[in-house]
Amino acid sequence: MEAAPFSQEAEEAVLGSVLINPEVFFDVAPFLPPEDFYLHHNRWIWEALLRLLDQRQPIDILTVSEELGRQGKLSEVGGEAYLTGLVARVPTSLHAEAYGKLGEQAAH
């Protein structure tokens, strides 16, 4: 059986890790481009994180929600409830790089 072209769990774990601890974004972003996110709503969240970084804005649920809202995509990703759920599903942000590698491997 062929592996799926993505890992939903890895995508969600990376995003949740960054929302818990924005510093881990710098560990993952260099090797995980938006295109590696298979699920479009997760890709949009990752792109929002990149835009916030470019704007030198803090990264948290509120700023990500606002950025997605400006892009007209907040309701499409599942709203603040989805972002909060990402945080709730990740046991720790300490493994963000490993989650990112899983997502990267699944995408390639």
Side-chain angles (χ1 to χ4, degrees):
M1 187 167 126
E2 189 173 324
F6 75 105
S7 169
Q8 180 174 344
E9 294 82 7
E11 288 186 11
E12 292 175 352
V14 168
L15 295 171
S17 293
V18 172
L19 290 171
I20 290 169
N21 179 5
E23 292 300 312
V24 300
F25 183 76
F26 300 104
D27 297 332
V28 181
F31 66 83
L32 193 64
E35 304 79 54
D36 281 359
F37 286 85
Y38 182 81
L39 299 172
H40 63 275
H41 58 275
N42 288 340
R43 181 179 303 181
W44 293 338
I45 295 169
W46 193 252
E47 290 169 343
L49 296 172
L50 291 167
R51 281 192 299 277
L52 289 169
L53 183 66
D54 286 344
Q55 299 165 13
R56 300 194 183 332
Q57 296 294 314
I59 292 174
D60 58 34
I61 290 176
L62 178 62
T63 58
V64 173
S65 294
E66 290 292 319
E67 181 61 29
L68 288 167
R70 281 192 290 277
Q71 301 295 317
K73 296 179 178 171
L74 181 59
S75 62
E76 289 186 61
V77 302
E80 288 182 24
Y82 182 72
L83 298 175
T84 302
L86 290 172
V87 171
R89 286 192 289 277
V90 178
T92 179
S93 64
L94 294 175
H95 306 297
E97 193 170 348
Y99 302 146
K101 292 286 185 190
L102 288 171
E104 178 189 39
Q105 290 168 0
H108 296 282

Exercise. Can you tell me how far CG of Leu19 sits from CG of Leu62, rounded to the nearest 0.5 angstrom?
Worked result: 11.5 Å
Exercise. Below 4.5 Å, heavy atoms only, C-beta onward: do Val64 and Val18 meet side chain to side chain?
Worked result: no
Problem set entry | Pairwise side-chain contact, Leu49 with Leu15, heavy-atom cut-off 4.5 Å (strictly under) | yes
For this session: Could you walk me through whether Leu86 and Ile45 pass side-chain contact (heavy atoms from CB on, under 4.5 Å), step by step?
Result: CA-CA 11 Å; Leu86 290 172; Ile45 295 169; 4.0 Å; yes
For this session: Quick one: closest heavy-atom pair of Pro30 and Phe25, and the distance?
Result: CD-O, 4.3 Å
Exercise. Which heavy-atom pair separates Val90 from Ser17 by the least distance, and what is that distance?
Worked result: CG1-OG, 3.6 Å
Seminar exercise, completed: Closest non-hydrogen contact found for Leu68 with Ala48 is CD2-CB, 4.0 Å
Seminar exercise, completed: Heavy atoms of Ser65 and Leu74 approach each other most closely as O-CD2, 3.8 Å
Seminar exercise, completed: Applying salt bridge (Lys or Arg N to Asp or Glu O under 4.0 Å) to Glu67 and not counting sequence neighbours gives Arg51, Arg70
For this session: Mind listing the closest non-hydrogen atom pair of Thr63 and Asp60 along with its distance?
Result: N-OD1, 2.8 Å
For this session: Check whether any side-chain N or O of Glu47 sits under 3.5 Å from a backbone N or O of Pro34 as a donor-acceptor pair, and report yes or no.
Result: no
Exercise. Tell me, do Phe31 and Asp36 make a side-chain contact under 4.5 Å, heavy atoms counted?
Worked result: no
Problem set entry | Contact check, side chains of Tyr82 and Glu76, non-hydrogen atoms, under 4.5 Å | no
Exercise. Rounded to the nearest 0.5 Å, how far does CZ of Arg89 lie from OG1 of Thr84?
Worked result: 10.0 Å
